[in-house]
There are 2 protein chains.
Amino acid sequence: MKPTDAELEILHVLWASGPSTVRQVHEQLSQHREIGYTTALKLMQIMYEKGLLSRDDSSKTHTYTAAVSEEDTQRGLVSRFVETAFRGSASRLVMQVLGQHKASREELDEIKRLLNQLDHDND
Amino acid sequence: MKPTDAELEILHVLWASGPSTVRQVHEQLSQHREIGYTTALKLMQIMYEKGLLSRDDSSKTHTYTAAVSEEDTQRGLVSRFVETAFRGSASRLVMQVLGQHKASREELDEIKRLLNQLDHDND
DNA sequence: TTCTATCTACGAATGATTTCGTAGTAAACA
DNA sequence: TGTTTACTACGAAATCATTCGTAGATAGAA
């Protein structure tokens, strides 16, 4: 339910690439950092046991798929993060993020659209 | 530099209440969850060694103070979180947060003000 | 002064995460 | 067929975070 950092790395690969073998995932991860093949394997096995991944083991080389959606996972992570880091104040988190990361014009516009929509929901 | 969850709880108490003794911090924490006195003590000692807290031990009962600011700490936490959970996309984090937490009218207005200011900075 | 309460220091157990080596098995190849 | 290669399973070490018990010291009360 609450993936660890290493598990998130693997989920990101699977979310981006779709169903993959351990070797494929390992190759992706290797481009970012040092990690042994059996480390990736073990992580994915644990994630399978936890229900974070599903797998097709009909052939010798198993194929893994993310069993949790990116949306749902990020929702959970955000909830937890707002609680622990911002004591539940989501708006302070938003302002902190907007203040420290330079968003593009398009991103700012998209956020504004969302804000206006929330405004109308509030009315 | 990167406080853990338990350490963050203690920092929040000290940020809110200012310099405090272990007993005072422990009393605050106890209202939220079960935690032994020596657990709080040990945590604060470790945080002192790490440089997260400073302390006055001129009397038998030490007084601890947060040695890192809330702003700086949250900035660091956000950076890390955007990386691990959102692969660096701050705007997607913002939209996720705004979509899932109902902010008050005042908060939304404040966020809009910030957005407009960012707009002008961009021009 | 003696006893009690409070505080710090220290050590250690527990559990979770991350890591990788080794062994065994199946497939592909020569 | 026999050998090499690739893959999974398993176990276990290393690290870190969290937890608390116990011991020793200090201060205040009786």
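Computed over heavy atoms, backbone and side chain alike; hydrogens, waters and symmetry mates excluded. The sequence lines fix the lettering, A, B, ..., with proteins before strands; numbering per chain opens at 1.
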Worksheet entry | Leu77(B) and Phe86(A), any side-chain heavy atoms less than 4.5 Å apart |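 Not touching, per the 4.5 Å side-chain cut-off.
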For the atom pair [atom1] ([X]) and [atom2] ([Y]), what is the distance rounded to the nearest 0.5 Å?
X         : Y         : atom1 : atom2 : answer
Glu106(A) : Leu108(A) : CD    : CG    : 9.0 Å
His26(B)  : Thr21(B)  : NE2   : OG1   : 11.5 Å
Tyr64(B)  : Ser54(B)  : OH    : OG    : 10.0 Å
Leu8(B)   : Gln74(B)  : CG    : CD    : 8.5 Å

To the nearest Å, give me how far apart [atom1] ([X]) and [atom2] ([N]) are.
X        : N      : atom1 : atom2 : answer
Asp56(A) : dC7(D) : CG    : P     : 15 Å
Glu49(A) : dT8(D) : CD    : C1'   : 12 Å
Leu41(A) : dA9(D) : CG    : C1'   : 8 Å

Worksheet entry | Minimum-distance nucleotide (side-chain atoms of Gln45(B) versus dC10(C), dC7(D), dA9(D)) |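 Of all the options, the side chain of Gln45(B) is nearest to dC10(C).
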Worksheet item: Among dA26(C), dT6(C), dA9(C), which is the nearest nucleotide to the side chain of Lys60(A)?
Response: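 Nearest listed nucleotide: dA26(C).
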N/O contacts under 3.5 Å, protein versus nucleotides 13-22 of chain D?
unit_1	atom_1	unit_2	atom_2	d
dT18(D)	OP1	Ala6(B)	N	3.3
dT18(D)	OP2	Thr4(B)	OG1	2.4
dT19(D)	OP1	Arg33(B)	NH1	2.9
dT19(D)	OP2	Arg33(B)	NH2	3.4
dC20(D)	OP2	Gly36(B)	N	2.9
dC20(D)	OP2	Thr39(B)	OG1	2.6
dG21(D)	N7	Thr38(B)	OG1	3.4

Discussion item. Whether Arg23(B) contacts dT6(C) is assessed here as follows: a side-chain N or O lying under 4.0 Å from the phosphate OP1 or OP2. Is that the case?
Written reply: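 No.
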Discussion item. I'd like to know whether Ser79(A) forms a side chain to side chain donor-acceptor pair (under 3.5 Å) with Gln100(B), so could you lay out the CA-CA distance, the side-chain angles of the two residues, the decisive distance to 0.1 Å, and finally the verdict.
Written reply: CA-CA 9 Å; Ser79(A) 287; Gln100(B) 94 188 59; 3.0 Å; yes
